[in-house]
Every structure is written in structure tokens, then in C-alpha cells.
Undergrad: 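I am attaching a structure below and will ask some questions about it afterwards.
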Amino acid sequence: MENPITEILVDNAVHLFGGEIDPKMIQFQKTRKEVEGDLTLVIFPFVKALRCSPDDAGNKIGSFLMEKLPFIASYQVISGFLNFNISSDYWLSQLEEIDKQSDFGFAPKDSKSMIMVEYSSPNTNKPLHLGHLRNNFLGYSVAEILKANGHKVIKSQIINDRGIHICKSMLAWEKFSPLNEKGERETPSNTGLKGDKLVGKYYVEFDKQFNAEAKSIIELWEKGDFSGFSNKISEEFIRLSEAKAGKDDKAVKGLDEKIKDLAKNETSLLKEAKDMLVKWEARDPQVYLLWTTMNSWVYEGFASTYKEMGVDFEKLYYESDTFILGKDIVIEGLQKGVFYKKEDGSVWIDLTSDGLDEKLLLRSDGTTVYMTQDVGTAVDRYKDFPDLQGMIYTVGNEQDYHFKVLFLILKKLGYEWAENCFHLSYGMVDLPSGKMKSREGTVVDADDLMHEVVQSAKEMSQERGYLEGMTEDERTNLFRLIGMGGLKYFLLKVDPRKRMMFDPAESIELNGNTGPFIQYAHARIKSLIAKGGSDLTLNKTEIGSFEKEIIKHLVEYPLVIKDAAKELSPALIANYIYELVKLYNQFYQNVPILIEEDEKLKVMRLILSENVAKVIKSSMLLLGVEVPNRM
RNA sequence: GGUCUCGUAGCUCAGCUGGAUAGAGCAGCUCACUUCUAAUGAGCAGGUCUUUGGUUCGAAUCCAAACGGGAUCACCA
């Protein structure tokens, strides 16, 4: 309805305003609740041209539009705002239109360009945690939203499966895993532990032993025992120790950190891990076997976690593959003069003229770094999918700088598609106790959390749900659906860019702005439909204000889907659904539906309800959340 | 310290392409189930939109500075 108004105003600008107008002057907004009307036009921009009071200007525009547009039933001007009343018939016809479309709000499938959405991309040395949940739910949802907008989407991830961190858990497993009576070390099958958990356990074990060794080295040094260490080390230690005298606590702490780093570098454990990395790069058969074995455990563990999360991927990339390509590209770039080599053989790019720093791409020993791999991965992806028109990296905002640099490097290498790369930078998840810190054991494990929310959904459903006649399987599925729905909705309802607070108690809440609140509304409608019937035909009838508000909101759905894609923000969808459900609950509570005696009214209300359920279901699926028919 | 980012009710968050009296949820206090699922709805109370300047007919929204959180500045990923 905005479009015809805009058209008429632009077409008749000379007559109305005495000259052409900028369409940007035509600003619509929702009519305030307290004021009667369905749509509001802001008059202020026109006041100057019309050289009269805002009220006169409003009346002039209002009467002109009312004459031209039959759907404007009446209008009134209040302090510079022109409020239109839109006719009942118009809203009814809108409802009819929505009712016809099973995929209401969605653009035709594959009608737009191909986009890759990268998300998850975990390290293979630690189990997934709460932060990964936000990442995965966000990435998955953004992919769904883009699909709804007609894009062809490739969901992808890069698996960080190589590097010193992987060697650490491998080494710790070899050294510290106890042997059972059969002489085997711990494996997922002989311990019953999930693969990622088992490997993570040894990563932690490495860190523990590593720190212990460093500590004992420092103790030796403090006693003045430097046997076996170079003069350089002992001098540095003495220098740092003496610097502590007379400094404040903070400075002393910093110096102690440096001493610790010094000692860590001297540990036999780190040396062994580094040796292992060198062997890995040389494809030493034994190390490679260990690597593939332990990685396969992790992948198995991740697969089950992803399944639980309800996320999936079309194409996986492995760092162990792409780093080679990255290295080749860097060497090529070196020849082209994009990069330069320092005396020690390390390769760099100078980005100071772009306001950034110098960045390392190859170490002096020729090995690659994170950036090198990311260059290789990006190029690999465009090779695999030449039709790609964009790539979205769902990665935490602590890597903002990294991606700025990455995209700039790609651009400097001459890849035009670098322009279409976008870092979907999301904020960290905090706990009420503060930041998650692995060292302090405050990391919330993804599997544990998902298990807890489902368990809690079970308890609450058994207390108040409508479960009679449901099979055991149906119940289990319902509990999963409610628990996971609550968790996903909780993590997706806030603006992804913002740092957010995760309160475990609040995440299993059922009232207010929560997943189960919305799921409940859906179940309630489905129960109505089951009793009142579907496949009804809409007849002309009067509509009340509750119905009208809902239809107005339904009409906005296609626009919200577009906005959510533009902003890459599932939060916009979540807010929209919440608003819709609140409106519907008010209607439900105040207006009779099945017990309405006027058949036409009853049918209209049922059709309205059905379409609300349709939109709830479709929009929740954009968030990756399923909705039950009963609960 | 440089760069980036955030600051809205006791708490968690909307609102930010400038527009009417700044909104929800939670927590607190009331009220409504012989009626379609009360996992609901209605109401009360709660605000210097961090501060100070500027732009404007009009600023939570744009600009600048200050203050306060956070991130980042590795031959880590």
C-alpha cells in the first residue's frame, strides 16, 4: 500500500508541491498505538515546499490521496503526521493473498546468485563449546535466510586439522595415556569417551605437564642452576628477575609471564611437539598414522555434536590440504612483487600504506601460518565454485583484524572477488560469572549444555504439557525440540554483532521472549485447526482491530526476510516472530474463534490463525528451530 | 599506548536510513482459567537513552570530545 501512495505523490508532485520531489522525502512509519490509523506519512519534509502549516499540508495531501486510492477509508492529521485508515476489504484481500502462498515471504528458489557461508570451523584439538553454538546456529540460520531470499547457498567450513596444537594432543596421548590390560592406550571405543572429548583431554593434559615442566625449570633457575641452558637464557632470566625489583604488582606479573614463556620454550615437551610437527610436514608414516587416527576420532565426535545441533555442511575444507595451495600463491605473489622477503627468508606484506601493519605470510623456515592457509582456502573455494558471488565468514569478532588483512591481501593479489568476501563478525558469549576461560574451567561444553536444556524441557513438559496419547518416541522428540528450540532462539534473538550474556537459567525459561513461548503459540493454533478444520474459504466479513493488527504484521514478513539477509541478522527474524506471537496471543485471549457463532467470522479467524501458524513455522525454520503441533 | 567496538529500566535486550509521549522480557506487586492448550492474557511500578558540546524545525539515533567496558596489535590460531 506504500507503493501506490509513493507513486501518486511522485507523479503528481508538480500539481501538489509545485515541483519535482525526491522520493526519499516520502517517509512512512507505523501509526502509533494511541492514534487511530494503519499507516502514517510524515508531513514535515513537504512543509517547506507547500509553504503552509504541517496540518494544512497534511490535509491537502490526505484529501488528494483519498480521492485517488480506494483503499484509504479515511485520514486524519495530527501534529505533522498524516494517518490513514485502510479499509477492512483491503486487509481481508491481503489475508487472502497470504493464504494462497504456501511459501509466503520467500523468493523463488535459486533465483539469485550463489553464496558460500562458512561457519563452525573448529580446531580439532578441543570439543565444541558455547561459543561454537552461537557460531553454528548463526551460520546455519544466515544460510537459511539467504536461501529464502533465492540465493543458492553452499554451507562450508574449514577444519583446522594441522599445526602445533594438534601435535600437542598427539604427543600427550602417546606419552601419558595409560595402557589397559590388553596393552592398548585409551581410545573412544575402549573408554566409551566421545572422540573429541578424548583428544581434548590429552590437549589439556599436555598443557598441564607443559606448565609443570616449565615451573620446575624456573625453580632450577631461581636456585642459580643453569646447567644445560645457554648463556643467553641465563642472562635473559637474570635480566628479567632483576627488573622486578621495585615494580608494581602488574609489572611484576608481566615479567613473570615473560620468564614463564622463556622456560616454556626450554621444555622438552615443546621440543618434542615441534619435532613431531616437522615429522608431520615430512609425512613421517608413524606420525601420519597417529594424526589420521586421532583426527578421525575427533571428526566422529564432531559429527554427533553437529547432528544434535541440527546443522550440516555441503563442502568441507581441510587446512592440511589448503595450506599447500596457500604457500604456492604466496610464492607466486612474491614473484609478482606483492610480497617481499626479509633477510632471514620470511615472507611479508607491507600494508602500512593502507593503515595496517606488516604481516607475515611464511616463516623463515618456510612453514605456513594461519593467514597463508586462509588465502589458499579462499582461492580453492572459488576454483571449486566458479559461480560464487560472495563468501561469508562466520567468525568471532576477535578476528576482525585478521579478516581485514586477509581481504586486502586477496585484493592485492588481484582476485576481484575479494570485494565480495564478508566477515560476519559476531560478539563473544559471556557467562554471568564473566568470560569463559578454559584455564579456569568455566568453558560451557556444547554437548553438556544441549543435554541439559533437553533434560530440563523434559521435566517442564511432564509437569504441564499435553502429552496424553503420545508415544515414547514422540515425547523424546518433543523434549529435544523444545530444549533445542529454546537454546537456539536464546542465542539468535540478540544482534549477532553484539557481545551477549548467556544465563543458563534464563535459557531454559519458557515465558516471555523465548523459543518455547513461540512453540506453544504454534501448538495452540494447531489444536484449533484440528478442531475447526482447514481448507476453509474466506468470505467477505468485517475484521476487528486484533485481526487487523495481525494481518498488518503478516504483510511485513517478506520485507523482514529481505532485511535479515541484508543485515545477515537472524535476530530480525526472531524479533519479528516474537511480535507476531504477542499479537496473536492477545487476539486469542480476547476474541472467540471456534465458539464464534457467525460462521463467516469464525472461518476468517481460523484462516488467520492458520496463516499465523504457517509464518511461525516458516520463520522459526529460518532460525533452525522446529515447532511442534502439540506440547 | 595505536586501531576497532560497545554503553538504553535493577538484570537481559529491542528501537539507530533523524520524526509524535523511548519499548519488550525477566525480577517485584495486583488481577483473570465452569469458556478454543493459563508454557497465556490484562494492569501497576520502574528511564538524566554514560557525560558534554555540535548539526537540525526535530537527536537514543548523525558528528566531535571525555569517561567507562571489551577486542586486537605474535615467525599463535
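Reminder, nothing fancy here: chain letters follow the sequence lines and each chain counts from 1.
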Undergrad: So is the aromatic ring of A:F44 stacked onto the base of B:G19, judging by whether the centres are under 5.5 Å apart and the planes are under 30° apart?
TA: yes

Undergrad: Ignoring the backbone of A:P516, work out which of B:A77, B:C36, B:A39 is nearest its side chain.
TA: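 Nearest nucleotide to the side chain: B:A39.
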
Undergrad: Taking the six-membered ring for Trp and the single ring otherwise, decide whether the centroids of A:Y203 and A:F206 are under 6.0 Å apart.
TA: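 No, too far apart.
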
Undergrad: Does the side-chain ring of A:F81 sit on the six-membered ring of the B:A20 base, less than 5.5 Å centre to centre and under 30° in tilt?
TA: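 Base of B:A20: stacked against A:F81.
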
Undergrad: How far, in whole Å, is B:G23 from B:A64 if one measures between their C1' atoms?
TA: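 That atom pair is separated by 29 Å.
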
Undergrad: If B:C44 has a Watson-Crick or G-U wobble mate with both distances under 3.5 Å, name it; if not, just say none.
TA: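 Its partner is B:G28 (Watson-Crick or G-U wobble, both distances under 3.5 Å).
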
Undergrad: Find the partner of B:U35: check Watson-Crick (N1-N3 plus N6-O4 or O6-N4) and G-U wobble (N1-O2, O6-N3) distances, both under 3.5 Å, and reply none if neither fits.
TA: none

Undergrad: In terms of side-chain heavy atoms of A:D495, which of B:U37, B:A14, B:A77 is nearest?
TA: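 The nucleotide sitting nearest to the side chain is B:A14.
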
Undergrad: Once you measure the plane-to-plane angle for A:F46 and A:F17, does it fall in the parallel (<30°), tilted (30-60°) or perpendicular (>60°) bin?
TA: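 The rings of A:F46 and A:F17 lie parallel, inter-plane angle below 30°.
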
Undergrad: Looking at the side chain of A:Q29, which of B:G41, B:A20, B:C36 is the nearest nucleotide?
TA: B:A20

Undergrad: Measuring only the C1' atom in each nucleotide, how far is B:G46 from B:U12? A whole number of Å is fine.
TA: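 It comes out at 15 Å once rounded to the nearest Å.
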
Undergrad: How far, in whole Å, is B:G7 from B:G15 if one measures between their P atoms?
TA: 11 Å

Undergrad: Need the pair for B:C76. Rule: Watson-Crick or G-U wobble, both distances under 3.5 Å, any strand; none if unpaired.
TA: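 The answer is none; no pair meets the criterion.
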
Undergrad: Judged by each residue's nearest nucleotide on RNA chain B, which is more toward the 5′ side, A:V581 or A:E506?
TA: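 Here A:E506 is the residue nearer the 5' end.
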
Undergrad: Select one nucleotide: of B:U37, B:A39, B:A77, the one nearest the side-chain heavy atoms of A:S527.
TA: B:U37

Undergrad: Compare the minimum distances between each of B:G41, B:C73, B:A20 and the side chain of A:D357, then state the nucleotide with the smallest one.
TA: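 Of the candidates, B:C73 comes closest.
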
Undergrad: For B:U17, what is the paired nucleotide under Watson-Crick or G-U wobble rules, both distances under 3.5 Å?
TA: none

Undergrad: Any idea which heavy atoms bring A:I43 and A:P54 closest together, and the distance?
TA: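 Minimum heavy-atom contact is CG2-O, 3.5 Å.
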
Undergrad: Base, sugar-phosphate or nothing for A:I482? Non-hydrogen atoms, less than 4.0 Å.
TA: base

Undergrad: Can you tell me the base-pairing partner of B:U3? Count Watson-Crick or G-U wobble geometry only, both distances below 3.5 Å, and say none if there is no partner.
TA: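 Here B:U3 is engaged in a pair, and the nucleotide opposite it is B:A71.
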
Undergrad: Could you check whether A:R480 pairs with A:E626 (Lys NZ or Arg NE/NH1/NH2 to Asp/Glu carboxylate O, under 4.0 Å)?
TA: yes

Undergrad: Would you call A:D495-A:R497 a salt bridge at under 4.0 Å N-O?
TA: yes

Undergrad: Which of the following nucleotides, B:U35, B:A38, B:A77, is nearest to the side chain of A:I595?
TA: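 Closest nucleotide among those given: B:U35.
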
Undergrad: Among B:G19, B:G25, B:A39, which nucleotide sits nearest the side chain of A:Q27?
TA: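 For A:Q27, the side-chain atoms sit closest to B:G19.
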
Undergrad: Quote, to the nearest angstrom, the C1' distance that separates B:G10 from B:A45.
TA: 12 Å

Undergrad: More 5' along RNA chain B: A:N123 or A:K498, using each one's nearest nucleotide?
TA: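 Checking each residue's closest nucleotide, the 5'-ward one belongs to A:K498.
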
Undergrad: Could you tell me how far B:C33 sits from B:G41 if I compare only their C1' atoms? Round to whole Å.
TA: 11 Å

Undergrad: Side chain of A:N160 only, please: which of B:A71, B:A38, B:A77 is the nearest?
TA: B:A77

Undergrad: Please state whether the base of B:A27 and the side chain of A:N511 form at least one donor-acceptor pair under 3.5 Å?
TA: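 No pair found.
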
Undergrad: Under a 4.0 Å N-O cut-off, is there an ion pair linking A:K552 with A:E549?
TA: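 The answer is yes: the pair qualifies as a salt bridge.
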
Undergrad: Could you please name the option among B:U40, B:G19, B:G70 that lies closest to any side-chain atom of A:K435?
TA: B:G70

Undergrad: Run the numbers on A:N397 and A:R499 for side chain to side chain donor-acceptor pair (under 3.5 Å), then give the verdict.
TA: CA-CA 9 Å; A:N397 63 11; A:R499 165 179 281 267; over 6 Å; no

Undergrad: Can a donor-acceptor pair under 3.5 Å be found between the side-chain atoms of A:T40 and the base atoms of B:A20?
TA: yes

Undergrad: OP1 or OP2 of B:G19 versus the side-chain N and O atoms of A:R32: is any pair under 4.0 Å?
TA: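 Checking A:R32 against B:G19: no side-chain N or O falls below 4.0 Å of OP1 or OP2.
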
Undergrad: Under a 3.5 Å cut-off for both contacts, is B:C62 paired Watson-Crick or G-U wobble with anything, and if yes, with which nucleotide?
TA: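 Base partner found: B:G54.
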
